[in-house]
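Working notes for the structure below.
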Amino acid sequence: MAAPAKTGVVIKLGGSVITEKAKPFTVRKGVLERLSAEIGEIWQAGNWIVVVHGGGSFGHPVASRYSLHVGKSSGSPPMAISMVEDAMRELNREVVSHLVKAGIPAVGLQTLGVAHTSGGRLDWLNLSVYESLVSFGVVPVSYGSLVMDSSLGYCILSGDDLAVQIAVGLSAKKLIFATDVEGVYSADPRSESAAVLLPRVSLSRDFIAFGSASNDVTGGMKKKVLSTGPAVQAGVEVRIVNGMREDVLKQAAFGKPLGTEIVL
Ligand code: ATP
Ligand code: IP8
């Protein structure tokens, strides 16, 4: 598939940044407004952009309550599928409208309609929709959500996996994960005060101690780091940065070596 002409940046807005993860259905509107302005500057500099966001306090509590991540064996009622999709659509609507207010032609894409998994792994992604939208100067905005799965019936596809496959499929130059910490630490900085920030993490050589992700059905920071493999292998520059600090996302997109770079 032909890559779009301009330089591409795929941005994953972590649910821990755009929502208060401990408070159900709470958007951090001020943070989202600031990040939208930063994304606007990255876009105006001539980059094509795809935004993917996580579930935060919208998708995760619903998915966890009904164990939707394990699929149809959870025995969840059909209403649970409706509820998780509705929660994520509500958050997606917030993200899209903040981006539009910042002057970005953003279009929300329902994940269920463009992605499919097998055994929890993405086996189909309608990349041509993303490719066409960015070729028209539009910024597609997708999100981690429930998708149909050929063996599990359905499952929760993480926005991290989605962002990685979009970055690989569209030959993005950069894939930036905005989270609520500076990057990857030697241990969870929330529980280990001696944890140190790692400017670089090697997927093949480093062993990191990760904190547990109790309210996160898709595995938290550990899963995020491990899921980046295909992008790193494809030569995409992958960084995990702090989206809570002003201008960090923007500066990382413009080449400043902030946060943690993930390497092979
Ligand atoms: P979402 O899945 O909702 O999009 P997110 O992508 O914003 O969430 P989380 O999955 O919440 O990100 O991961 C960020 C959290 O990971 C941090 O708040 C931090 O406490 C935790 N964490 C655990 N282990 C580590 C580690 N070794 N280094 C950095 N953060 C860690
Ligand atoms: O927060 C999962 O996406 P993530 C979304 O990017 C849901 O892992 C619905 C829990």
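Source: prediction; values computed, not measured. All ligand and atom numbering here is 1-based and tracks the order in the structure. Computed from heavy atoms alone, side chains included, the values below leave out hydrogens, waters and symmetry copies.
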I'd like to know if Trp124 and Tyr154 are part of one continuous hydrophobic network [Ile/Leu/Val/Met/Phe/Trp/Tyr, side-chain heavy atoms within less than 4.5 Å].
no
Could you tell me which non-hydrogen atom of Met244 sits nearest to which non-hydrogen atom of Asp180, and how far apart they are?
CG-CA, 3.7 Å
Run the numbers for me: atoms of ligand 1, each under 4.0 Å from some heavy atom of Pro189, listed by number.
28 (N), 29 (C), 30 (N), 31 (C)
Considering His60, Met244, Met221 one by one, which has a heavy atom nearer to atom 13 (O) of ligand 1 than any of the others?
Met221
Quick check on the hydrophobic clustering: are Leu13 and Phe25 connected, directly or via other members, by side-chain heavy-atom contacts under 4.5 Å?
yes
Please work out, at 4.0 Å between heavy atoms, whether the side chain, the backbone, both, or neither of His53 comes within that distance of ligand 1.
neither
Do any N or O atoms from the side chain of Thr179 and from the backbone of Val241 form a donor-acceptor pair under 3.5 angstrom?
yes
Any non-hydrogen atom of Lys222 lying under 4.0 Å from ligand 1?
no
Between the candidates Asp188, Thr260, Asp160, which shows the shortest non-hydrogen contact distance to atom 20 (O) of ligand 1?
Asp188
For ligand 2, give me the residues whose heavy-atom distance to it is below 4.0 Å, by chain and number please.
Lys12, Gly54, Gly55, Gly59, His60, Val84, Met88, Gly144, Ser145, Ile156, Ser158, Gly159, Asp160, Val217, Thr218
Closest heavy-atom approach to atom 15 (C) of ligand 1 among Thr179, Asp180, Val225, Val217 is made by Asp180
Mind checking whether Gly159 has a heavy atom under 4.0 Å from ligand 1?
no
Could you pull out, from Ser191, Ser158, Gly15, the option with a heavy atom nearest to atom 1 (P) of ligand 1?
Gly15
Those residues that, when tested against Lys101, pass side chain to side chain donor-acceptor pair (under 3.5 Å) (two or more places apart):
none
Scan Leu32, Val27, Val31 and name whichever one has a side-chain contact (heavy atoms from CB on, under 4.5 Å) with Lys29.
Val27
Side chain, backbone, both or neither: which part of Lys12 has a heavy atom under 4.0 Å from ligand 1?
side chain
Between Asp161 and Arg121, is the salt bridge (charged side-chain N to carboxylate O under 4.0 Å, His left out) condition met? List the steps.
CA-CA 9 Å; Asp161 288 320; Arg121 295 174 73 91; over 6 Å; no
Heavy-atom proximity to atom 29 (C) of ligand 1 ranks first, among Ala187, Gly183, Gly243, Gly59, for Gly183
Are Leu127 and Val129 connected into the same hydrophobic cluster when the rule is that any two of I, L, V, M, F, W, Y join if their side-chain heavy atoms are below 4.5 Å apart?
yes
Does Glu182 come within less than 4.0 angstrom of ligand 1, counting non-hydrogen atoms of the residue?
no
